[in-house]
There are 2 protein chains.
Amino acid sequence: MRPNGRRTTLADIARAAGVSVATVSKVVNGRGDVAPHTRTRVQELLHRHDYLAPVFRHTEAVASPTIEVQFKGGLKLYVAETLEGIIDSAAELGASVVISKATGAPHWARDLVSAGRRAVIAVTSVYTTAHLNELARSGLPLVVLDPLHLPDSRVHSVGATNFAGGLAATRHLLSLGHRRVAYLGGPAMAVCNQARMHGYRAAMEAEGARVPETYVRPGEFTHETGLLGAPALLDLEEPPTAVFAGNDEIAVGAVEAARARGLRVPEDLSVVGFDDTSLARMASPPLTTVRQPLREMGGAALRTALRLADGEKPESHHIELATELVVRASTAPPRRW
Amino acid sequence: MRPNGRRTTLADIARAAGVSVATVSKVVNGRGDVAPHTRTRVQELLHRHDYLAPVFRHTEAVASPTIEVQFKGGLKLYVAETLEGIIDSAAELGASVVISKATGAPHWARDLVSAGRRAVIAVTSVYTTAHLNELARSGLPLVVLDPLHLPDSRVHSVGATNFAGGLAATRHLLSLGHRRVAYLGGPAMAVCNQARMHGYRAAMEAEGARVPETYVRPGEFTHETGLLGAPALLDLEEPPTAVFAGNDEIAVGAVEAARARGLRVPEDLSVVGFDDTSLARMASPPLTTVRQPLREMGGAALRTALRLADGEKPESHHIELATELVVRASTAPPRRW
DNA sequence: CTGAAAGCGCTTACAG
DNA sequence: CTGAAAGCGCTTACAG
């Protein structure tokens with residue numbers, strides 16, 4: 001924008017650079033016949049003055065700001081619920097939401113800028129230094145939802161209080177009288193998993209309950225991890241009387257595995273999940289779980305993305321929304337107490 | 001486009017209409033100082049020559065074709081799985097997918113055209129005459145996925161062979177020896193529900209099995225319908241020994257209700273679902289269900305939408321993909337046979 | 001490698 | 001209500 005509020009024109013840049021409009025036009029269109037140092041100077045001025053080529057003005061003038069949401073792997077329930085929060089907030093704020101799977105193609109970030117996207121929201125995404133460099137080059141703001149990495153100040157992120165959630169889940173089991181509580185979790189590398197696990201450990205320690213090595217099993221955030229992990233726990237010499245699962249899918253798998261060997265939930269084994277997706281309500285028995293405010297997290301991510309797109313700098317590069325224990329029917333006092 | 005392949009310009013239209021470029025410009029920009037009949041004639045020519053204002057050329061020139069996917073209510077598992085099919089096909093074909101909830105605001109279709117969308121995919125949507133009129137005015141192609149209405153030749157739609165699925169599910173139960181089979185379905189008005197129910201009736205009749213009035217219960221496609229409907233069936237004087245549910249959520253609710261009154265599935269009651277979402281695999285016991293090829297249906301809808309956007313006319317305005325019975329652990333021969 | 005000049009597509013203030 | 005004319009932002013063939 002120029003001081004008077006009109007768009008920057010090639011003439012403005014030409015004046016500032018001391019070259020002709022024709023030369024600036026060549027730089028904008030990537031023609032070859034421009035001296036390298038002239039090109040550099042002009043590019044710098046174009047960027048500083050926020051020049052936008054006519055074909056791209058559509059982005060600002062007509063279309064609502066468009067945010068790209070990227071996810072990895074399948075569109076799981078908890079991604080879907082987060083997405084719903086993003087969509088609802090976008091509708092409220094007049095933004096559009098494009099959804100895609102993360103590909104990591106060579107110029108992905110610059111391609112998104114070319115397509116008119118104003119920011120990216122990555123759902124539970126891993127990002128490498130290469131990703132961050134590509135992003136920096138493109139100037140595209142990124143918000144990571146439920147980050148798998150430790151918050152990095154170069155990236156904005158929205159998560160939930162996973163540690164507090166793990167603490168609450170485990171305290172609930174302890175308060176029912178359980179002492180042998182195991183943790184059947186997600187990927188050891190994922191920070192959300194680590195935080196839940198340390199919440200569990202903290203609660204156990206505070207109560208003076210032992211946590212044998214064998215009581216903490218990492219895995220994936222899948223039904224199968226529950227199906228395979230629970231039998232391994234139940235085969236231990238001192239099997240747990242309660243399992244805190246890293247998410248609802250794992251919990252449902254664990255319940256199924258227990259049932260397959262004739263154990264009843266919660267009479268013979270208590271199970272707590274995490275997320276409180278609709279799966280938790282539909283499980284049999286309905287799962288005691290730790291609610292993540294997935295819709296609200298999606299909304300917060302969208303608002304952050306729009307603010308970054310407008311050039312604002314949020315106060316904090318990472319926020320966490322509160323988790324909450326939801327007690328249903330999959331937990332009870334241990335059998336022999 | 002002009003004959004030589006270049007874009008139609010205002011000058012082309014002015015020549016064709018026998019007016020000045022200035023007048024055409026006014027029509028394009030919706031200014032008031034144009035005689036009504038002049039405006040009409042110019043608009044007609046603009047449309048015929050496919051004139052695209054500069055701000056909108058971005059749509060064709062730079063961005064990939066963008067399809068809007070609209071859904072109603074929550075982003076349920078089966079919507080999410082369909083959406084995944086749409087996203088994957090879009091990535092393959094270089095299209096972008098915008099996702100939103102259907103609002104039905106006054107000029108929704110024209111607003112979508114203004115935002116550069118090339119077509120709409122509505123997931124399980126109701127459409128009224130008002131909707132169709134608004135669509136016709138906007139020129140935006142619509143593809144309905146899993147239509148709730150009977151196929152209408154003005155609308156393109158993609159569905160599954162619901163009747164055949166209902167038939168297969170019921171035959172499976174009959175072949176296990178069940179004779180008292182009930183149908184716990186979705187909304188009575190939804191054609192997909194009607195087709196499943198009639199497939200059920202056809203199978204029952206073919207086998208000479210009675211279908212008392214009370215054996216067919218409509219509801220919603222929700223867990224709650226199963227939770228509430230199954231007890232009503234089990235309270236009948238001649239309770240069914242098997243329940244064919246209109247979708248997986250209903251089936252899971254029915255299983256839970258049966259268990260709540262001490263019945264085991266499948267020993268005391270067999271239950272079949274419909275959809276084969278991931279919920280069916282995670283249910284306890286894993287559900288016998290009728291698979292809808294949701295990803296493939298999403299892909300077919302996307303391809304149809306892109307073809308319509310390019311002005312092609314698909315051979316048929318409605319296609320159905322095949323359903324398939326998936327036998328898991330929620331069905332067995334009846335107890336007293 | 002640079003830029004003056006011609007030209008394109010569009011808009012707009014204004015005369016009729 | 002219409003259009004001639006001036007003007008804007010941009011591109012490009014070409015002279016230097």
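Every value quoted in this text rests on a predicted model; they were computed, and no experiment measured them. Throughout, a chain's letter reflects where its sequence line sits, starting with A, and its residues are numbered from 1.
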K.L.:
Heavy-atom distance under 4.5 Å between the side chains of L83(A) and F71(A), does that happen here?
P.N.:
no
K.L.:
Tabulate protein N/O versus nucleotide N/O from nucleotides 12-16 of chain C, keeping only pairs under 3.5 Å, one per line.
P.N.:
residue	atom	partner	partner atom	Å
dT12(C)	OP2	R31(B)	NH2	2.4

K.L.:
Which ranges of DNA chain C pair up as stems, where a stem means three or more consecutive Watson-Crick or G-U pairs with both distances under 3.5 Å?
P.N.:
C:1-3 with D:14-16, C:5-12 with D:5-12, C:14-16 with D:1-3
K.L.:
Ignoring hydrogens, what is the shortest heavy-atom contact between L75(B) and A80(B)? Give both atom names and the distance.
P.N.:
CD1-N, 4.4 Å
K.L.:
Can you tell me which nucleotide in dC1(D), dC10(D), dC10(C) comes closest to the side chain of L10(A)?
P.N.:
dC10(D)
K.L.:
Looking at dC1(D), I'd like to know if its phosphate oxygens (OP1 or OP2) sit under 4.0 Å from a side-chain N or O belonging to T38(B).
P.N.:
no
K.L.:
Rounded to the nearest angstrom, tell me the gap between atom CD1 in I13(A) and atom P in dC8(D).
P.N.:
18 Å
K.L.:
Check whether any side-chain heavy atom of D88(A) sits under 4.5 Å from a side-chain heavy atom of K101(B), and report yes or no.
P.N.:
yes
K.L.:
Rounded to the Å, how far apart are D12(A) CG and dC10(D) C1'?
P.N.:
13 Å
K.L.:
Grab the two heavy atoms, one from S100(B) and one from I87(A), that are nearest each other, plus how far apart they are.
P.N.:
CA-CG2, 3.9 Å
K.L.:
Stepwise, does the salt bridge (Lys or Arg N to Asp or Glu O under 4.0 Å) test hold for R307(A) with E315(A)?
P.N.:
CA-CA 11 Å; R307(A) 291 178 60 188; E315(A) 313 74 55; 3.2 Å; yes
K.L.:
Ignoring the backbone of V19(A), work out which of dG3(C), dC10(C), dT2(C) is nearest its side chain.
P.N.:
dG3(C)
K.L.:
Is any side-chain heavy atom of Y51(A) closer than 4.5 Å to one of L45(A)?
P.N.:
no
K.L.:
In whole Å, what is the span from the CG atom of L46(B) to the C1' atom of dG9(C)?
P.N.:
14 Å
K.L.:
Which residue, V27(A), V24(A), T38(A), forms the side-chain contact (heavy atoms from CB on, under 4.5 Å) with Q43(A)?
P.N.:
V27(A)
K.L.:
Roughly how far, to the nearest 0.5 Å, is the CD atom of Q70(B) from the CH2 atom of W108(B)?
P.N.:
6.0 Å
K.L.:
Look at Y51(B) and dG9(C) and indicate whether a side-chain polar atom (N or O) is within less than 4.0 Å of OP1 or OP2.
P.N.:
no
K.L.:
Rounded to whole angstroms, how far apart are CZ on R15(A) and C1' on dC10(D)?
P.N.:
15 Å
K.L.:
Closer than 4.0 angstrom, basic N to acidic O: yes or no for D12(B) and R15(B)?
P.N.:
yes
